[in-house]
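Note sheet for the following structure.
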Amino acid sequence: MRLPVVVGVDGSEGSLRALDWAAAEAARSRLPLRIVHASLWEHYEGLRPGADNEHPGEQVLAEHLVASARDRVRDLRPEVGVVSDVQPEDPVAALVRESHKAALVVLGSRGRGRIGGMLLGSVGLSLAGRSHCPVVVIPAVPPVAPAEPGRVVVGISDADAPSAAAVFARAQAAARHAELVAVRAWRRPAHELLTHPPFPGSPASPQRRRAEEHLEAVLGALAEGDDSGTVVRRSVAQGPAHHVLIDAAEGAELLVVGARRSSGWHGLQLGPVNHAVLHYAPCPVAVVPDTYRG
């Protein structure tokens, strides 16, 4: 059974960009597209319903919204099989449930909430932290410069074996006939910078050498059994991981990061690197849970 690409829509401009991206991904991957609208979306994002906003009216608007989304996909990507569903419940709960049976879930980085400064809505953050499949968040504002065709960027974690994010990124690069840029960030300890500041011609620090060796080992394992011919470029850069990844993602088609899953009272959470790239990355971001097996 082919799992669908699921896209959450709410009628905002951001969700239309997510819809177009999801339709293109479904066409490229030859997967069906499933459009989902949770009818409590606006309430969840903080909008207050009008006094005359009765349930039947909301249901009619929701059905019109998904019908328009279906028509848009059929005009843009007639080869894609598309279905839609309206679910009268909390959008995070609805999309997390959809993630159990999806190839990936796509949504826009900004919903219809009134908090203008938030680049990523509460739905996006909650879903990226709890989804069982990769979540792709599409920036609400297109980049000033168009993406360079054929570049997928992935952050390489501290794990010794290739992460689920690295495997997903390699598959995305292969499907796009793209170059895969594997990024490993490293940092010198603060006390070392104070006592031994870098100077021109100084040898590479032990931290950089370890980062390079680790990257080579992970990419060597990732290449085992891979006959896609994907070109892999190494990038080892000094600095906080989120800064390094955001810089590397400039002009890329997709930035892929991993997410560690740990259950607890507050559910599954995102780390600071995930938060930063989801809010500030200049291209679509895929968050891949480490439990994902494709």
query: Are any side-chain N or O atoms of Ser235 and backbone N or O atoms of Ala182, one a donor and one an acceptor, separated by less than 3.5 Å?
result: no
task: State, to 0.1 Å, how close Ala185 and Gly239 come at their nearest heavy-atom pair, and which atoms those are.
output: CB-O, 3.8 Å
statement: Smallest heavy-atom separation, Ala169 atom then Val152 atom, equals O-CG1, 4.0 Å
- prompt: Could you walk me through whether Val7 and Val36 pass the side chain to side chain contact (heavy atoms under 4.5 Å, CB included) check?
  reply: CA-CA 6 Å; Val7 58; Val36 175; over 6 Å; no
- request: Report the distance from atom NE2 of His275 to atom OH of Tyr280, rounding to the nearest 0.5 Å.
  value: 11.5 Å
statement: For Val80 and Ala23 the tightest heavy-atom approach is CG2-O, 3.9 Å
- prompt: Within a strict 4.5 Å, meaning less than it, do heavy atoms of the Ile246 and Pro282 side chains meet?
  reply: yes
- prompt: Salt-bridged, Arg97 to Glu89, with N to O below 4.0 Å?
  reply: yes
- prompt: Just wondering, do Asp85 and Val83 contact through their side chains at under 4.5 Å, heavy atoms?
  reply: no
query: In Å and rounded to the nearest 0.5 Å, what is the CD to CH2 distance from Gln238 to Trp186?
result: 4.0 Å
- prompt: If we only count heavy atoms from C-beta on, is the Arg72 to Leu16 side-chain gap below 4.5 Å?
  reply: yes
message: Assess whether a salt bridge exists between Arg234 and Glu212, defined as any Lys/Arg side-chain N lying under 4.0 Å from an Asp/Glu carboxylate O.
response: no
message: Are Cys283 and Pro139 packed together at the side-chain level, in the sense that at least one heavy-atom pair is separated by less than 4.5 angstrom?
response: no
- prompt: Where is the tightest heavy-atom contact between Val66 and Glu63, given as atom of each residue plus distance?
  reply: CG2-O, 3.3 Å
- line: Paired with Cys133, the side chain to side chain contact (heavy atoms under 4.5 Å, CB included) test is passed by just one of Val288, Leu3, Thr291, Val105, namely Val105
query: To the nearest 0.5 Å, how far apart are OG in Ser163 and CZ in Arg260?
result: 10.0 Å
query: Do Arg184 and Asp158 sit within salt-bridge range, that is, some charged N less than 4.0 Å from a carboxylate O?
result: yes
query: Under a 4.5 Å cut-off applied to non-hydrogen side-chain atoms, are Pro4 and Leu31 in contact?
result: no
query: Charged N to carboxylate O below 4.0 Å: is that the case for Arg151 and Glu250?
result: no
task: Start with the C-alpha gap between Leu278 and Val257, add the side-chain angles, then the distance that decides, and say whether side chain to side chain contact (heavy atoms under 4.5 Å, CB included) holds.
output: CA-CA 10 Å; Leu278 283 169; Val257 293; over 6 Å; no
- prompt: Could Asp20 and Arg77 be called an ion pair, given the rule that one side-chain N must be under 4.0 Å from one carboxylate O?
  reply: no
task: For salt bridge (charged side-chain N to carboxylate O under 4.0 Å, His left out), just list the numbers for Arg28 and Glu25, CA-CA rounded to whole Å, side-chain angles, deciding distance to a tenth of an Å, and then say yes or no.
output: CA-CA 5 Å; Arg28 177 170 40 248; Glu25 177 63 23; 2.8 Å; yes
statement: For His132 and Tyr292, the nearest pair of non-hydrogen atoms, with its separation, is O-CD1, 3.8 Å
- request: Take Glu79 and Arg74, measure what salt bridge (charged side-chain N to carboxylate O under 4.0 Å, His left out) needs, and give me the verdict at the end.
  value: CA-CA 8 Å; Glu79 73 275 25; Arg74 287 167 179 161; over 6 Å; no
message: Using 0.5 Å steps for rounding, measure from the NE2 atom of His37 to the CG atom of Leu95.
response: 11.0 Å
query: When rounded to the nearest 0.5 angstrom, what is the spacing between CG in Leu254 and CH2 in Trp21?
result: 5.5 Å
- prompt: Can you tell me if CD on Glu13 sees more than 12 non-hydrogen neighbours from other groups inside 6.0 Å?
  reply: no
task: Could you go through the side chain to side chain donor-acceptor pair (under 3.5 Å) check for Gln172 and Glu253 one step at a time?
output: CA-CA 10 Å; Gln172 283 286 315; Glu253 287 190 53; over 6 Å; no
- prompt: So how far is it from Arg70 CZ to Asp75 CG, rounded to the nearest 0.5 Å?
  reply: 12.5 Å
- prompt: Between the side chain of Ser15 and the main-chain N/O of Ser12, is any donor-acceptor distance below 3.5 Å?
  reply: yes
field: Backbone of Thr230 reached by a side-chain donor or acceptor of His177 within 3.5 Å
entry: no
message: Could you report the tightest heavy-atom contact between Leu33 and Ala22, atom names first, then the distance?
response: CD1-CB, 3.8 Å
- prompt: How about Val137 and Val287: do any of their side-chain heavy atoms sit closer than 4.5 Å?
  reply: no
- request: Give the intermediate values and the outcome of side chain to side chain contact (heavy atoms under 4.5 Å, CB included) for residues Val154 and Val183.
  value: CA-CA 6 Å; Val154 60; Val183 178; over 6 Å; no
message: Contact between Leu255 and Leu245 at the side-chain level, heavy atoms closer than 4.5 Å - yes or no?
response: yes
- prompt: Is there side-chain contact between Arg233 and Leu180, with heavy atoms separated by less than 4.5 Å?
  reply: no
message: Quick one, Ile35 with Leu19, criterion side chain to side chain contact (heavy atoms under 4.5 Å, CB included). Give me CA distance, side-chain angles, the key distance, then yes/no.
response: CA-CA 8 Å; Ile35 300 169; Leu19 178 67; 3.9 Å; yes
